[in-house]
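Report on the structure given below.
Model, not experiment: these values are computed from the prediction. If you read the sequence from its start, that first residue is 1, and numbering goes on from there.
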Amino acid sequence: MARKDDYTAEDIEILEDLTPILHRPGMYTDPVNPNHALIEIVDNAADEGLAGFAKKVVVTLHEDGSAEVSDDGRGIPVDIHPKKQVPAVQVIFTTLHSGGKFRKTDRDAVYRIAGGLHGVGVCVSNALSTRLEVDVKRGGAAWRIVFGPNGKVAEPLVQTGPAGARESGTRIRFWPDPKYFDSPKIAVGDLAALLRAKAMLLPGVRFTLRVQKGAQFETTEWHFPEGLRGYFREALVGRDPVAEPFFGERYVAAQTESDSFAEGEGALWALAWTPDGEAVAESYVNMIPTRHGGTHVSGLREGAYQAIRNFIDLHAMGQRGLKVVPEDVWSRASWVLSVRMLDPQFKGQVKNELISRDAVKLVAQMVRDPFELWLNQHVDAGKRIAELVIRQAMARTRAAQKVERRKTSGVAVLPGKLTDCASDDPDRNELFIVEGDSAGGSAKQARDKEFQAVLPLKGKPKNTWQDHPDTLYSNKEIEAIALAIGVDHHTLTDTPDLSGLRYRKLIVMADADVDGAHIQVLLLALFFRHFPTLIERGHVFIAQPPLYRIDVPAHGKNKPARKLYALDDAELATLQAKLSDEGVRAGGIAVSRFKGLGEMSPEQLWETTLNPDTRRMLPITLEDGLELSTEIFEMMMARENAHQRREWMETFGNLVDADIS
């Protein structure tokens, strides 16, 4: 095998211009189809509407596979950029991390609230197209620039003629490059749903979709003068809610109103409860649809739960021994939530999930008091909602009691190290398998005792990959894990009895360092080899505690002091860059590194790793298939495969950013 011992500056490759997107397109867009590339352009037009300038957005799908977006906003700037010395419109489409949406703390910023975060969006559309045309009208003139394959300038910016004094706007047409997508066709149904939602969120803007069919265009328009109210009532048709929907809208009017949030941040929402049928569930951040929800949805759930629980207590509707939990409130709720934040943090470029921890508090405090007031002003409606919630709680309790009766017959005594939770509901409960007694002690103090259990392990668990099932429980730590989860060891060809499973989520929680990663691998090998059905059915997770804490001082009128957390060096660098963009001095930021979970205070551990609303976890799945996963584990864990491991490390070790401090 060829081997290179020299590692020099010549081996360091710098990806410039749009090359990073071309090199790893899947990191920047959804490779299934070009919808996301088109949505990036639509979002820019919608941001002009959000800023109060555009009144019309028209999306046209042509038969040649191209897509076009036009708006009547201000038009992209065409003057020369002072640093790049090329037209600003060229910079926006060819330079990563460029745009007018960074200066969030500037009250007079051109985009104070917007979906664009880091200036990557339309660069993706340009890089992954064979041709992209931009026509701009502004300042009494019409301009045009054209980009070719890989986003290179094909026709420089030129003035094409005059424009009316009141004419302004942007038209962008692009041809997706089929080699970057599984299918080069735009999914019309998904696009129509997005435009309909945009029209709901922007009552002053009319959205139009035109689809070419031969020489004709099929046209659909969306305009909701009533905004969310009209949209939500239309979505609830046929679902028969138990009470009239609750609508609300609140934004921070001034910094004095809140110590944590800036002017303009807030939420718009609609809530209703239906006894049966499929629920309406939609969430948005700065008009970006978050299909996988996130922390803002957690805040809406928390606010609704607290308001309804207080209403039940105030009107003495509770029953002895019956505990109402958030799932009882949320299981039959239909809702639409739209949040505005200055600097939202998303999980990935596609922005399907919000991970900003501040969003939980922002939405919860915006929703809770107005909803509780509404419930007490509409007592009959409030009681109908509360009765539905109580019925859900009773049904959940009955189901948990049935499971409890099954699992208590003939089950071994639980391990002494296990600190169990109070709840008897396996569908709600979580077990944290924690590295070391020190971290276990912190986790026990930090957890929610109602539904979170903790099992600390003494030292590193045994490598059980080649252990025979008959000798598996000779190791006390492995026996404790099996007893705690309530499921016998098995293989994938077995049909194991999971009725005794005591926790819906089994969460491996180890330090964010090399030793912690080793413990994770050893426990995953145990589950994959001896409890594979738990992985197959989505019960196993990896907790992601942060490696760094960043203390940011107060700066400006709209940004109080705050604590941020970073999972690793890459996320730390990203946060530091964003803070620099916000105007925070590098010397004013205090960065501290956690040596381990045991070093965190219970409050820090709860906020970053245990709280379901703010934590980050990785679900363990078999994405590459059973056969390939087994081959990888065999190479990595079998004692006789040391030579294969050495070859693998020599080949791929340079790709690993290892923490060896």
How far does CD of Glu327 sit from CZ of Arg301, to the nearest 0.5 angstrom?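 Result: 6.5 Å between the selected atoms.
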From CD1 (Ile433) to CG (Leu526), nearest 0.5 Å: 8.0 Å
With a 4.5 Å cut-off on side-chain heavy atoms, are [Y] and [X] touching?
| X | Y | result |
| --- | --- | --- |
| Lys476 | Lys458 | no |
| Leu575 | Tyr565 | no |
| Ile620 | Leu534 | no |
| Thr608 | Arg549 | no |
| Leu271 | Leu300 | yes |
| Asn611 | Arg357 | no |
| Leu228 | Ser338 | no |
| Leu194 | Asp190 | no |

Output yes when a side-chain donor or acceptor of [X] lies under 3.5 Å from a complementary backbone atom of [Y], and no otherwise.
| X | Y | answer |
| --- | --- | --- |
| Arg593 | Leu547 | no |
| Ser334 | Ala279 | no |
| Asp494 | Thr491 | yes |

Please check if any side-chain donor atom of [X] sits under 3.5 Å from a side-chain acceptor atom of [Y], or the reverse.
| X | Y | value |
| --- | --- | --- |
| Asp328 | Tyr305 | no |
| His518 | Lys460 | yes |
| Asp497 | Ser499 | yes |

If you apply the rule side chain to side chain contact (heavy atoms under 4.5 Å, CB included), what do you find for Glu353 with Phe346, and how did you get there? CA-CA 6 Å; Glu353 181 178 352; Phe346 293 97; over 6 Å; no
Ring centre gap for Phe527 and His539 strictly below 6.0 Å: no
Provide the closest heavy-atom pair for Leu522 versus Pro461 in the form atom of the first, atom of the second, distance.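 It is CD1-O, 3.3 Å.
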Given the rule in the side chain to side chain contact (heavy atoms under 4.5 Å, CB included) test, do Arg447 and Trp606 qualify, once you have shown the distances and angles that lead to the verdict? CA-CA 6 Å; Arg447 71 190 176 114; Trp606 166 254; 5.8 Å; no
Begin with the C-alpha distance, continue with both residues' side-chain angles, and end with the deciding distance and a verdict on side chain to side chain contact (heavy atoms under 4.5 Å, CB included) for Leu337 and Tyr284. CA-CA 6 Å; Leu337 171 66; Tyr284 305 85; over 6 Å; no
Partner of Phe541 by side-chain contact (heavy atoms from CB on, under 4.5 Å), out of Glu430, Arg615, Met509, Lys505: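 That would be Lys505; it is the only one of Glu430, Arg615, Met509, Lys505 passing the side-chain contact (heavy atoms from CB on, under 4.5 Å) with Phe541.
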Using a strict cut-off of less than 4.0 Å between a Lys/Arg side-chain nitrogen and an Asp/Glu carboxylate oxygen, indicate whether Asp467 and Lys462 qualify as a salt bridge. yes
Do we get Arg332 above Trp273's six-membered ring, with its NZ or CZ under 6.0 Å from the centre and within 45° of the axis? no
For Trp330, all residues meeting ring-ring contact (aromatic ring centres under 6.0 Å, His included), sequence neighbours excluded: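 Trp335.
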Using the six-membered ring wherever Trp is involved, compare the ring planes of Phe371 and Phe246 and label them parallel, tilted or perpendicular (cut-offs 30° and 60°). parallel
Can you label the angle between the Tyr473 ring and the His489 ring as parallel, tilted or perpendicular, going by 30° and 60°? perpendicular
Go through the steps to decide whether Glu571 and Arg616 satisfy the test salt bridge (charged side-chain N to carboxylate O under 4.0 Å, His left out), and finish with yes or no. CA-CA 13 Å; Glu571 190 164 288; Arg616 282 191 263 181; 2.6 Å; yes
